[in-house]
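To keep things clear, I will list the structure first and then write my remarks on it.
Predicted model only: the values in this text are computed from it and were never measured.
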Amino acid sequence: MPTDLPAFDPGLPVGIVGAGVMGTKVAWACARVGLATRLFDAQEGKAQASLDLALSWSQGQEQETVRDNLVATASLAEALEGAQLGFENVPERVNLKQSVHRDMAELLPPSAYLGTNASALMCTPMAEACGEPQRFFALNFSDPRTSRLVELMTADTAADETIAFAMAWARAIWMVPVRTRKEQLGYSFNRLWRVIKKETLRQIAQGHATPEDIDRAWMLIFGTPMGPCGLMDEVGLHSVLAIEKV
C-alpha cells in the first residue's frame, strides 16, 4: 500500500486521549524521555489530577523532565493540534473507542497516526471507524513503570509505515515491542495472561486459595515484585472486568 506517511519524529508532540490508569502511565512514559505530551480526558479536571499523579512517579531530574513535557489540555482539539499521534486510552468498549477515533481523525493533521491501547479488542472495527485504516495501530502497554513490554497489533489495512512508526515510538519511550502478526482478540501475550488471570480468579472465587497466597507463591517461584492479583489491582479491576466481557 503506497503512502507518504512520515516516520516517528521525537521533535513533534503526541496527544494522549484518556487520563485513566493506563492513559496516565503512557503519558508519563512519553514525557519522561522528553517527548512533548498532551493529556486529555473528557471528565473535567481529570487530566490535571492525573498530571499531578504522573509527577509523583518520578524523582530528581526525571521529575523535572516530566514537568517540562507533560501538559493537561482542556479540549481534544488542543491535545491533537499539530500532533504526530493521537493515542486513545478510554474504557474497553468498542462503540466508545470507535466514537473517539472518529473524533480524533477529524482533528489530527492528515499525516498523523491513530493508536489504541485496547487490551482485548480487534483492530479492524476501530481502524474502519476512524476512516484512516492505513494509519491505525494497536499498542498495548502493561505498566511502563515496571515493565518494558508492549504488544503491537494491526489490521491488514495498516501501512508498512504505520508499523514502522509504532515500533519506533515504542522504542523511543524505552519500551520493547513484540508483534502479533495476525490479528486476534487479546494479542499474543495477553492471551497467555488471560489463562493465568482466569485460573487465579477461579481459585479465589471457589475458596481454594487467598489472593495473598497466590501472589506469594508466584513471586517466590518467578522472582517478580508482584503476583497475578497485584497486577490485576495495578491494571484496575474495572478494566479487568471490561476485558473479560470482551
Side-chain angles (χ1 to χ4, degrees), residues 8-93 96-97 99-101 103-104 107-108 112-119 139-150 169-175 224-226 229-243:
F8 171 75
D9 184 342
L12 291 177
V14 298
I16 307 299
V17 180
V21 174
M22 288 310 303
T24 304
K25 291 176 182 177
V26 175
W28 169 82
C30 292
R32 69 170 170 168
V33 301
L35 188 60
T37 309
R38 293 100 168 249
L39 181 61
F40 170 75
D41 195 280
Q43 181 179 331
E44 186 176 356
K46 188 172 183 178
Q48 184 60 52
S50 296
L51 183 66
D52 296 336
L53 176 62
L55 284 170
S56 74
W57 294 334
S58 297
Q59 303 294 326
Q61 183 56 52
E62 183 180 88
Q63 188 178 70
E64 290 304 310
T65 302
V66 173
R67 192 188 310 276
D68 290 343
N69 289 283
L70 180 57
V71 297
T73 65
S75 69
L76 181 61
E78 185 181 352
L80 301 180
E81 183 180 2
Q84 63 181 320
L85 168 67
F87 193 71
E88 164 270 311
N89 302 265
V90 303
E92 197 85 355
R93 301 196 301 271
L96 174 60
K97 288 181 179 289
S99 176
V100 170
H101 280 285
D103 292 343
M104 287 168 55
L107 294 168
L108 281 165
Y113 295 91
L114 298 100
T116 179
N117 195 15
S119 299
L139 193 70
N140 181 234
F141 290 73
S142 50
D143 185 341
R145 300 173 306 167
T146 57
S147 171
R148 296 179 66 195
L149 170 67
V150 290
W169 175 52
R171 290 174 177 138
I173 59 175
W174 304 347
M175 298 292 108
T224 58
M226 68 176 66
C229 297
L231 183 54
M232 282 188 273
D233 281 341
E234 283 290 311
V235 171
L237 294 181
H238 61 291
S239 295
V240 172
L241 177 61
I243 291 165

Taking only residues two or more places apart in sequence, or in another chain, which ones meet [X] in a side-chain contact (heavy atoms from CB on, under 4.5 Å)?
{"X": "Ala112", "answer": "Leu108, Pro109, Arg135"}
{"X": "Ala36", "answer": "Pro13"}
{"X": "Ala31", "answer": "Thr37, Val66, Asn69, Leu70"}
{"X": "Pro10", "answer": "Phe8"}

Which residue pairs pass the salt bridge (Lys or Arg N to Asp or Glu O under 4.0 Å) test when at least one of the two sits in [range], sequence neighbours left out?
{"range": "residues 16-37", "value": "Lys25-Asp143, Lys25-Glu234"}
{"range": "residues 51-63", "value": "none"}
{"range": "residues 74-89", "value": "Glu88-Lys97"}

Next item on the list: List the atom of Leu51, the atom of Ala72, and the distance in Å for their closest heavy-atom pair.
Entry: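 Here Leu51 and Ala72 meet closest at CD2-N, 4.3 Å.
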Notebook entry, point to check: Between Phe40 and Ala79, which heavy-atom pair has the shortest distance, and what is it?
Noted result: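 Looks like CB-CB, 3.8 Å.
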Checklist line | side-chain hydrogen bond (donor to acceptor under 3.5 Å, both in side chains) against Ser147, all qualifying residues, sequence neighbours excluded | finding: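 For Ser147 the side-chain hydrogen bond (donor to acceptor under 3.5 Å, both in side chains) partners, ignoring immediate neighbours, are Ser142.
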Next item on the list: Could you list the residues that satisfy side-chain hydrogen bond (donor to acceptor under 3.5 Å, both in side chains) with Trp169, not counting sequence neighbours?
Entry: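 Testing Trp169 for side-chain hydrogen bond (donor to acceptor under 3.5 Å, both in side chains), a comparison that skips the adjacent residues, returns none.
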Next item on the list: Begin from the C-alpha positions of Leu53 and Trp28 and carry the test side chain to side chain contact (heavy atoms under 4.5 Å, CB included) through to its verdict.
Entry: CA-CA 9 Å; Leu53 176 62; Trp28 169 82; over 6 Å; no
Note to self: Test: side chain to side chain donor-acceptor pair (under 3.5 Å). Region: residues 39-48. Which pairs qualify, not counting sequence neighbours?
What the structure shows: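 Listed by first then second residue: nothing to list.
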Item checked: Listed partners of Arg67 passing salt bridge (charged side-chain N to carboxylate O under 4.0 Å, His left out), at least two apart ->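 So Arg67 forms a salt bridge (charged side-chain N to carboxylate O under 4.0 Å, His left out) with Glu64.
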Checklist line | Heavy-atom side-chain contact between Phe87 and Val14 under 4.5 Å | finding: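 Not in contact.
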Which donor-acceptor pairs under 3.5 Å do side chains of residues 17-24 form with protein atoms, sequence neighbours excluded?
{"residue": "Thr24", "atom": "OG1", "partner": "Ala19", "partner atom": "O", "Å": "3.2"}
{"residue": "Thr24", "atom": "OG1", "partner": "Gly20", "partner atom": "O", "Å": "2.8"}
{"residue": "Thr24", "atom": "OG1", "partner": "Ser50", "partner atom": "OG", "Å": "3.3"}

